[in-house]
Amino acid sequence: MKAKIRILDMYSGRYSVFINEKEAKKAKLHPDDLVKIEAGKKTVYGSVVVSNLVKEGEIGISRDILGLHSFSEGEVVTVIPSGTPESVRYIKKKMHGGKLRKVEIEAIIKDIVDRKLRDIEISSFVTSLEINGLDMDEIAALTIAMAETGDMLDIDRKPIMDVHSIGGVPGNKTNILVVPIVAAAGLTIPKTSSRAITSAAGTADVVEVFADVSFSLDEIKRIVEKIGACMVWGGALNLAPADDITIKSERALSIDPTGLMLASIMSKKYAMGSQYVLIDIPTGKGVKVETVDQARALSRDFIELGRRLGQYVEVAITYGGQPIGHTVGPALEAREALSALMTGKGPGSLIEKATGLAGILLEMGGVAPTGMGKKMAREILESGKAYEKMREIIEEQGGNPDIKPEEIPIGDKTYTFTAPISGYITGIDNKAITGIARAAGAPEDKGAGIELYVKVGEKVKEGDPLFTIRAESEARLDQAIVLARRTEPIRIEGMVLQRIGNI
Ligand SMILES: O=P(O)(O)OC[C@H]1O[C@H](OP(=O)(O)O)[C@H](O)[C@@H]1O
Ligand SMILES: O=c1cc[nH]c(=O)[nH]1
């Protein structure tokens with residue numbers, strides 16, 4: 001059917017195509033049906049919304065479509081019902097445990113990017129991967145398909161380093177220190193991050209507190225060739241565009257299927273043209289990888305996948321048994337990271353991990369002799385050179401380089417939990433901490449989160465503060481308090497574990 005474009009000022013998180021009720025009846029179109037919009041060479045797929053917001057002879061399109069496609073008001077287009085894409089058959093093949101061929105994986109990814117697959121089919125795909133997994137052939141095909149359905153970056157400033165954490169551990173603001181340290185040593189590190197997947201703050205959510213993170217590839221090329229680094233959100237770019245779409249499903253289900261995680265991370269590194277990649281695998285109770293053996297197996301997968309992509313990969317298996325640093329939540333983590341860069345000092349877990357990872361990258365990039373990287377990283381941090389580089393990154397990304405940690409707004413609704421008994425901190429539950437911070441509003445409410453006053457192994461007296469929940473609304477604070485009471489994220493044990501009476 002022919003119709004005139006009407007641009008509706010709304011975002012629906014999908015490509016929504018509004019069709020007048022009477023017209024939809026005539027065309028036998030129903031809500032959430034897939035339609036193809038054709039205008040000359042341009043072809044866009046969208047999901048039907050039946051609504052009298054538009055008149056007969058018009059179709060309304062949401063602004064999501066204008067992100068990647070140019071349609072103008074009043075433009076005449078053809079709207080054709082589109083049947084179920086072939087790739088749904090391949091999703092069901094994976095659902096039933098089959099091994100997907102390269103062409104089948106390519107079809108699924110292309111249909112995701114072209115919005116021919118809708119949320120329900122994408123979630124089914126992600127769930128199938130969670131249940132049935134992918135072997136290395138499938139993961140390699142998925143990685144390349146994810147990268148090649150988007151743009152690739154070619155930066156003339158070699159060697160190109162990169163670092164990426166598989167995430168999962170609360171408070172993991174580490175790479176906000178690693179990137180400026182590595183760049184301050186003269187290496188190139190075009191860092192892209194995703195927003196939170198299972199945590200309460202992804203690195204992109206944290207960096208966005210003091211700088212923009214949404215840039216085009218051309219802007220990133222300019223920034224990186226000028227100052228050697230960036231810290232941007234992968235989802236804003238047409239860089240492995242399927243990644244941010246599948247991450248939306250992962251976030252909704254709070255899962256991160258291993259095969260998809262490998263492809264998600266390495267497709268972005270491949271698209272950025274990174275040659276030397278360090279992968280951080282936080283390991284421990286309550287994170288994505290619980291044992292060192294599992295971490296070693298995953299490391300081998302990352303290294304093998306890198307080999308197939310022509311990238312040199314090393315992996316750091318890091319301690320993930322409790323939150324990193326003392327803060328969880330975008331603004332709180334931004335404060336802690338900025339303060340550590342300014343002073344060169346901060347929580348041991350943060351400084352040790354950041355200088356450790358940066359040290360490996362300095363050795364991989366050939367600017368530090370083997371075994372000397374961590375020491376050199378610490379010097380760069382303590383000398384203030386890393387902070388200088390961070391100021392350049394913030395400035396180039398449209399932020400205020402003079403921002404001070406205390407100027408970063410944080411939630412003003414607070415509640416502090418204190419120690420019910422004296423004793424030693426014997427555990428901090430990562431999943432509970434993340435759940436409480438998310439209940440408080442993080443990452444959407446930047447100022448929401450948790451401030452931790454204790455870490456495992458420390459001694460507390462009854463009444464000492466353990467942690468403060470921060471929120472931007474009373475309602476959210478109350479929800480978080482209830483959850484904190486129920487989950488008791490911090491475990492204290494007197495050293496006398498049991499007394500066996502003389503009975
Ligand atoms: O912890 P969750 O939310 O599961 O994983 C997502 C986080 O892990 C990675 O961290 P980085 O960018 O390497 O610092 C991603 O970019 C993202 O920030
Ligand atoms: O970027 C990331 C990080 C963790 N898991 C993913 O799938 N992607």
Side-chain angles (χ1 to χ4, degrees), residues 126 129-130 134 139 142-143 146-147 161-180 182 189-209 213 229-237 239-240 242-272 274 277-284 286-289 298 301-302 305 315-316 318 320 323-325 328-330 333-334 337 350 353-354 357-358 361 430-431 433-435 437-438 442-444:
V126 171
L129 297 184
E130 176 76 0
L134 294 162
I139 293 170
L142 181 60
T143 306
M146 285 176 81
M161 319 299 295
D162 213 329
V163 62
H164 209 96
S165 174
I166 68 165
V169 58
N172 193 21
K173 69 234 19 126
T174 314
N175 287 330
I176 296 174
L177 275 64
V178 170
V179 169
V182 170
I189 180 160
K191 177 81 177 103
T192 60
S193 290
S194 76
R195 290 185 185 285
I197 299 173
T198 65
S199 69
T203 297
D205 299 312
V206 179
V207 173
E208 194 171 46
V209 168
V213 294
C230 67
M231 281 196 253
V232 296
W233 173 40
L237 303 159
L239 191 76
D243 181 44
D244 217 57
I245 296 170
T246 49
I247 281 181
K248 271 202 190 89
S249 288
E250 288 179 320
R251 184 179 298 126
L253 305 160
S254 201
I255 59 172
D256 199 355
T258 306
L260 186 53
M261 175 174 71
L262 276 152
S264 161
I265 293 172
M266 293 308 286
S267 62
K268 289 178 286 208
K269 307 301 113 181
Y270 182 75
M272 290 302 279
S274 306
V277 181
L278 176 60
I279 299 292
D280 163 31
I281 300 183
T283 302
V287 286
K288 294 176 188 176
V289 178
L298 184 58
D301 289 344
F302 270 109
L305 181 53
V315 177
T318 58
I324 311 274
V328 176
E333 295 190 39
L350 175 61
K353 183 172 178 182
L357 294 181
L361 283 159
N430 282 326
K431 285 197 174 1
I433 290 290
T434 290
R438 283 173 85 142
E444 290 74 13

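All ligand and atom numbering here is 1-based and tracks the order in the structure.
- Of the candidates Thr283, Ile279, Ile166, Ile166 is the only one forming a side chain to side chain contact (heavy atoms under 4.5 Å, CB included) with Leu298.
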### side chain to side chain donor-acceptor pair (under 3.5 Å) between Thr198 and Asp256, intermediate numbers included
CA-CA 8 Å; Thr198 65; Asp256 199 355; over 6 Å; no
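- The shortest side-chain heavy-atom distance between Cys230 and Pro190 falls under the 4.5 Å cut-off.
- Tested against Ser165, the residues Asp280, Thr203, Asn175 include a single side chain to side chain donor-acceptor pair (under 3.5 Å) partner, Asp280.
- Under the 3.5 Å distance criterion, the side-chain polar atoms of Lys288 are left unmatched by any main-chain donor or acceptor of Pro282.
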Under 3.5 Å: N or O atoms of ligand 2 paired with protein N or O:
from     : atom 1 : to     : atom 2 : distance (Å)
ligand 2 : 1 (O)  : His164 : NE2    : 2.9
ligand 2 : 1 (O)  : Lys268 : NZ     : 2.7
ligand 2 : 5 (N)  : Asp256 : OD2    : 2.7
ligand 2 : 7 (O)  : Asp256 : OD1    : 3.2
ligand 2 : 7 (O)  : Ser264 : OG     : 3.2
ligand 2 : 8 (N)  : Ser264 : OG     : 2.7

Please tabulate, one line per pair, the protein nitrogen or oxygen atoms found under 3.5 angstrom from a nitrogen or oxygen of ligand 1, with distances to 0.1 Å, or say none if there are no such pairs.
from     : atom 1 : to     : atom 2 : distance (Å)
ligand 1 : 1 (O)  : Gly168 : N      : 2.6
ligand 1 : 1 (O)  : Ser199 : OG     : 3.4
ligand 1 : 3 (O)  : Ile197 : N      : 2.7
ligand 1 : 3 (O)  : Thr198 : N      : 3.1
ligand 1 : 3 (O)  : Ser199 : N      : 3.0
ligand 1 : 3 (O)  : Ser199 : OG     : 2.8
ligand 1 : 4 (O)  : Thr198 : N      : 2.9
ligand 1 : 4 (O)  : Thr198 : OG1    : 2.5
ligand 1 : 4 (O)  : Lys288 : NZ     : 2.8
ligand 1 : 8 (O)  : Ser165 : O      : 3.4
ligand 1 : 12 (O) : Lys191 : NZ     : 2.9
ligand 1 : 12 (O) : Ser193 : OG     : 2.6
ligand 1 : 13 (O) : Ser165 : N      : 2.6
ligand 1 : 13 (O) : Asn175 : ND2    : 3.0
ligand 1 : 13 (O) : Lys191 : NZ     : 3.2
ligand 1 : 14 (O) : Asn175 : ND2    : 3.1
ligand 1 : 14 (O) : Thr203 : OG1    : 2.5
ligand 1 : 16 (O) : His164 : NE2    : 3.4
ligand 1 : 16 (O) : Ser194 : N      : 2.9
ligand 1 : 18 (O) : Ser194 : O      : 3.1
ligand 1 : 18 (O) : Thr203 : N      : 2.7

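- Between Ile139 and Leu305 there is a side-chain heavy-atom pair separated by less than 4.5 Å.
- In this structure, the side chain of Lys191 engages the main chain of Val163 through a donor-acceptor pair within 3.5 Å.
- A donor-acceptor contact shorter than 3.5 Å links the side chain of Arg251 to the backbone of Ala196.
- A donor-acceptor contact shorter than 3.5 Å is absent between the side chain of Asn430 and the backbone of Gly168.
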